[in-house]
Every structure is written in C-alpha cells, then in structure tokens.
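Only one structure is covered here, and it is reproduced in the block below.
As a basis for the values below, the full set of heavy atoms in this structure was taken, side chains included, without hydrogen atoms, waters or symmetry mates. Positions are given from 1 along the sequence.
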Amino acid sequence: MKTVSAGDVLPSLTVTFRREDLVRYAGASGDFNPIHWSDRMAASLGLPGVIAHGMLTMASAVRVVTDWLDDPADLVEYGVRFTKPVVVPDDADGAEVTFSAKADKVADGLAEFDITAVFGGEKVLGRSRAVVRVS
C-alpha cells in the first residue's frame, strides 16, 4: 500500500477524447444517446456540440488516483458531480482533459483525494473525491 500525507499532489494525467473514443465507449456501455455522436442532435438540445459521456469522463478522472496506487482495488469510494460538458470536436485533435489529485485528509488507513478535471481552462467535474486505503 502507498503512503501519503495531507497536501501531497499526485502526478497529473492528460487524456484526449476523440469521436472514435465516444463510439467505442457507446458500444461498451450501451449508451448510444445521439448527443455523444450527432452534432445535429446535440445542437437541437442546446448543447455546444457532441459531448463525452459523463461516465467516461468520470472513469478517466479516477485514473489519476488508481494509476498511482499499487493495487487499484485499494480504491474504497469514489464520486463526482458533473458540472460542465466535455465537447468533443469532429477532428483529429479531439478534446484534452487534464486530471490532477491532491490528498485532503489522511487518517485511520484511509486517504481522501480531491480530483480536479480541467477542459478548456474550466473545471468540468465538481466535488470529485476518491477514498483509498493507504499505509
């Protein structure tokens, strides 16, 4: 198990989402909502464009913690609040999201991390927190 102190910052992680990633995720998850692949449907609902699946963004965010852990099974609890969409353009560049994590509380063999997800200079997740077992 890892050792950590309150205030420690984990190495950041940058993930690029492209339209083909959304298609793969839709197939794996069964979430074929057209806002994740159709510009026309996204626009008709007032969205700024096709958006990444929230659960895909959420899963990517926790990687900043699980990639650091010796055993990803040491993740005890995880939750987020979705605050802004990740708009994925139909181009080769995609949408880059940078994830970072800082240890907030460490006590009784558990560490609580605040995770930040930034896309286009704005946070896209709120109250993103992971609790992990530590030594």
Side-chain angles (χ1 to χ4, degrees):
M1 269 189 256
K2 292 285 191 173
T3 302
V4 67
S5 299
D8 287 356
V9 176
L10 300 184
S12 64
L13 170 70
T14 299
V15 175
T16 302
F17 297 112
R18 293 182 181 83
R19 291 283 178 96
E20 58 264 27
D21 299 316
L22 304 185
V23 171
R24 286 186 194 98
Y25 185 81
S29 69
D31 181 354
F32 293 101
N33 187 324
I35 64 172
H36 302 304
W37 55 267
S38 169
D39 288 303
R40 181 180 53 80
M41 288 302 295
S44 75
L45 294 173
L47 294 169
V50 165
I51 62 171
H53 299 75
M55 293 295 141
L56 176 59
T57 305
M58 182 180 178
S60 298
V62 78
R63 283 185 46 211
V64 74
V65 175
T66 59
D67 286 358
W68 170 78
L69 291 169
D70 292 327
D71 182 355
D74 285 333
L75 178 67
V76 175
E77 183 179 321
Y78 177 52
V80 307
R81 187 168 12 116
F82 302 105
T83 57
K84 293 191 184 276
V86 174
V87 180
V88 181
D90 189 11
D91 62 18
D93 295 331
E96 270 192 4
V97 183
T98 300
F99 303 100
S100 58
K102 181 178 181 180
D104 180 33
K105 299 175 188 171
V106 181
D108 302 321
L110 296 175
E112 189 173 306
F113 284 91
D114 288 324
I115 300 171
T116 303
V118 177
F119 166 67
E122 295 187 299
K123 290 182 180 180
V124 294
L125 297 176
R127 186 131 172 80
S128 182
R129 306 198 100 182
V131 177
V132 300
R133 282 188 284 279
V134 293
S135 53

Identify the two heavy atoms, one from Ala130 and one from Tyr78, that lie closest to each other, and give their separation to 0.1 Å. CB-CD1, 4.0 Å
What's the separation between atom OG1 in Thr116 and atom NZ in Lys102, rounded to the nearest 0.5 Å? 9.5 Å
Is any side-chain heavy atom of Asp90 closer than 4.5 Å to one of Val50? no
Within a strict 4.5 Å, meaning less than it, do heavy atoms of the Asp104 and Arg129 side chains meet? yes
Note: Val4 and Ala111 closest approach over all heavy atoms is CG1-CB, 3.6 Å
In terms of hydrophobic clustering (I, L, V, M, F, W, Y; side-chain heavy atoms under 4.5 Å; direct or indirect links), are Val124 and Phe82 co-clustered? yes
Judged by atom type as modelled, is there a donor-acceptor pair below 3.5 Å linking the side chain of Ser5 to the main-chain atoms of Asp8? no
Is Phe113 close to Leu10 at the side-chain level, that is, under 4.5 Å between some pair of heavy atoms? yes
Any side-chain heavy-atom pair from Val23 and Tyr25 closer than 4.5 angstrom? no
Would a 4.5 Å heavy-atom cut-off, applied to side chains only, mark Ser128 and Phe99 as touching? no
Nearest heavy atoms of Gly27 and Phe32, plus distance in Å: CA-CZ, 3.6 Å
Heavy-atom pair of closest approach, residues Gly49 and Ala42: O-CB, 3.3 Å
Per-pair distances, 0.1 Å, donor-acceptor, side chain in residues 55-72, under 3.5 Å, sequence neighbours excluded:
{"unit_1": "Thr57", "atom_1": "OG1", "unit_2": "His53", "atom_2": "O", "d": "3.3"}
{"unit_1": "Ser60", "atom_1": "OG", "unit_2": "Leu56", "atom_2": "O", "d": "2.9"}
{"unit_1": "Thr66", "atom_1": "OG1", "unit_2": "Val62", "atom_2": "O", "d": "3.4"}
{"unit_1": "Asp71", "atom_1": "OD1", "unit_2": "Ala73", "atom_2": "N", "d": "2.9"}

With Ile51, which of Leu45, Val87, Asn33 fulfils side-chain contact (heavy atoms from CB on, under 4.5 Å)? Val87
Are the side chains of Leu22 and Val88 in touch, meaning some heavy atoms are under 4.5 Å apart? yes
Is there side-chain contact between His36 and Asp31, with at least one heavy-atom pair below 4.5 Å? yes
In short, Thr14 meets Thr98 closest at the heavy-atom pair OG1-OG1, 3.1 Å
Are more than 12 heavy atoms from other residues, nucleotides or ligands located less than 6.0 Å from atom NZ of Lys2? yes
Would a hydrophobic clustering, with Ile, Leu, Val, Met, Phe, Trp and Tyr connected at side-chain separations under 4.5 Å, put Ile115 with Leu75? yes
Do Leu110 and Val76 have side chains that approach each other closer than 4.5 Å (heavy atoms only, starting at C-beta)? yes
Separation of Glu77 CD from Arg133 CZ (nearest 0.5 Å): 12.0 Å
Sorted by chain and number, sequence neighbours left out, side-chain hydrogen bond (donor to acceptor under 3.5 Å, both in side chains) with Asp39 holds for Arg19
Between Met1 and Ser135 the two heavy atoms that sit nearest each other are O-OG, 3.5 Å
